[in-house]
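Below is one structure, written out as structure tokens; the observations come after it.
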Amino acid sequence: MLQQTLVLIKPDGLKKSLTGNVLTRLSETKLDIVATKIVKVSRELAAEHYKELKDKPFFEDLLKYLMGEYHKKKVMALVYWGEDAIEKVRKICGATNPEEADAVSIRGAYGRITTKGVYENVIHASANMAEAEREIKLWFQPGEIIQDFYPVKAVKGTCEKKVWA
Ligand code: IDP
Ligand code: MG
């Protein structure tokens with residue numbers, strides 16, 4: 001089944017210069033990259049992204065981790081698209097807990113658990129189609145993706161925006 005999935009290279013991945021390694025591993029899937037950008041993550045974006053985990057004891061640390069407070073204040077966001085994209089990407093990422101992840105998966109090879117108990121696992125990938133839709137719409141605007149997965153509507157632009165001077 002053709003699917004799209006959101007991938008985030010988290011701040012530990014960027015701080016440790018793992019971007020190239022992670023993208024090389026993901027290229028094994030032969031999926032297409034249809035959107036990408038570097039994002040400085042606000043608290044609001046981090047909290048919305050991880051809203052299902054808001055009652056977990058590690059939630060506050062997780063927000064700080066995604067905002068880059070322990071590493072660099074940036075995340076690389078990508079949308080991958082292709083046959084069974086969700087499962088293929090999740091498999092290469094490995095288990096959530098980097099100590100339990102397969103040693104040759106991205107999280108197994110590059111992740112760690114900090115002494116504070118944060119799972120610094122380098123990468124995020126959507127777990128299912130509903131999550132992918134919610135997350136892609138949260139991180140990207142329609143014009144930033146070169147494929148039309150979801151319906152769009154035109155609105156008259158009245159708000160101010162920055163253009164090149
Ligand atoms: P996933 O990233 O494999 O989908 P989720 O359960 O959705 O796993 O958790 C989101 C993120 O929260 C994980 O990637 C990890 O960074 C962090 N996390 C999950 N469970 C724990 C935990 O038990 N302790 C510390 N951090 C955790
Ligand atoms: Mg998850």
Side-chain angles (χ1 to χ4, degrees), residues 1 3-29 31 33-140 145 149-150:
M1 182 185 210
Q3 295 175 331
Q4 48 279 359
T5 187
L6 180 84
V7 167
L8 303 176
I9 303 180
K10 296 179 177 180
D12 52 329
L14 293 166
K15 172 90 177 180
K16 293 175 181 173
S17 290
L18 291 171
T19 313
N21 305 51
V22 170
L23 295 180
T24 299
R25 290 302 314 278
L26 289 171
S27 69
E28 290 167 24
T29 61
L31 296 166
I33 297 173
V34 294
T36 184
K37 62 179 172 181
I38 298 288
V39 183
K40 191 169 175 188
V41 181
S42 65
R43 169 168 282 269
E44 291 69 34
L45 177 57
E48 185 60 28
H49 178 76
Y50 280 134
K51 70 177 181 187
E52 273 156 30
L53 299 173
K54 68 177 189 321
D55 297 326
K56 299 283 185 192
F58 55 82
F59 185 66
E60 184 57 31
D61 280 332
L62 182 59
L63 296 192
K64 287 189 182 151
Y65 168 38
L66 195 65
M67 290 163 65
E69 295 200 1
Y70 304 129
H71 305 95
K72 278 191 169 179
K73 290 205 165 74
K74 57 182 184 174
V75 155
M76 185 172 189
L78 305 106
V79 179
Y80 279 83
W81 178 73
E83 198 63 30
D84 299 324
I86 292 172
E87 193 197 324
K88 282 181 183 159
V89 173
R90 289 282 292 193
K91 188 154 190 284
I92 288 188
C93 288
T96 306
N97 179 339
E99 283 183 1
E100 288 170 4
D102 189 303
V104 297
S105 66
I106 293 168
R107 288 166 164 181
Y110 302 123
R112 67 165 191 155
I113 302 179
T114 67
T115 45
K116 273 185 91 182
V118 181
Y119 290 3
E120 289 184 1
N121 54 10
V122 183
I123 189 165
H124 165 83
S126 310
N128 54 57
M129 288 178 71
E131 194 174 285
E133 178 169 355
R134 187 182 85 81
E135 294 176 350
I136 290 169
K137 288 178 175 174
L138 176 65
W139 288 83
F140 287 93
I145 304 177
F149 313 125
Y150 310 120

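Counting starts at 1 for both ligands and their atoms, in listed order. The structure presented is a predicted model; accordingly, all values stated were derived computationally and were not measured.
A salt bridge between Arg90 and Glu87 is absent, with no side-chain N of the basic residue lying under 4.0 Å from a carboxylate O of the acidic one.
The protein heavy atom nearest to atom 20 (N) of ligand 1 is Phe58 CZ, 3.3 Å. Protein heavy atom at the shortest distance from atom 9 (O) of ligand 1 is Leu53 CD1, 3.5 Å. Distance from atom 1 (P) of ligand 1 to its nearest protein heavy atom, with residue and atom name: Thr96 OG1, 3.5 Å. Tyr119 O, 3.1 Å is the protein heavy atom nearest to atom 16 (O) of ligand 1.
With a 4.0 Å heavy-atom cut-off, ligand 1 is reached by no atom of Glu52. Residue Arg107 touches ligand 1 through its side chain alone, judged by heavy-atom distances below 4.0 Å.
Judged by distance alone, the side chains of Asp12 and Tyr110 never bring a donor and an acceptor atom under 3.5 Å apart.
Closest of all the heavy-atom pairs between Ile86 and Ser126 is CG2-O, 3.5 Å. Nearest approach of Val122 to Gly13, heavy atoms of both residues: CG1-CA, 4.0 Å.
Considering backbone and side-chain atoms alike, Tyr65 places every N or O at 3.5 Å or more from each N or O of ligand 1. Inclusion of Tyr50 in the set of residues having an N or O under 3.5 Å from an N or O of ligand 1 is not warranted. Checked by distance only, ligand 1 and Arg90 come closer than 3.5 Å through their nitrogen or oxygen atoms.
Between the Lys15 side chain and the Tyr70 main chain, no donor and acceptor come within less than 3.5 Å of each other.
Of all atoms in ligand 1, listed by their number and element, those nearer than 4.0 Å to a heavy atom of Leu62 are 11 (C), 12 (O), 16 (O), 17 (C). Annotation for ligand 1: atoms under 4.0 Å from non-hydrogen atoms of Asn121 are 13 (C), 14 (O), 15 (C), 16 (O).
In this structure, Lys116 does not count as a contact residue of ligand 1, since none of its heavy atoms falls inside 4.0 Å of the ligand. Within the 4.0 Å heavy-atom cutoff, Gly117 counts among the residues contacting ligand 1.
Of the candidates Arg43, Lys40, Lys73, Arg43 is the only one forming a side chain to side chain contact (heavy atoms under 4.5 Å, CB included) with Met67.
Seen from the ring of Tyr65, Lys10 does not count as a face-on cation partner, given the 6.0 Å and 45° thresholds.
When the ring pair (Phe, Tyr, Trp, His ring centres under 6.0 Å) test is applied to His124, the partners found at least two apart in sequence or on another chain are His49.
Under a cut-off of 6.0 angstrom, the local environment of NZ in Lys56 is sparse, with at most 12 non-hydrogen atoms contributed by other residues, nucleotides or ligands.
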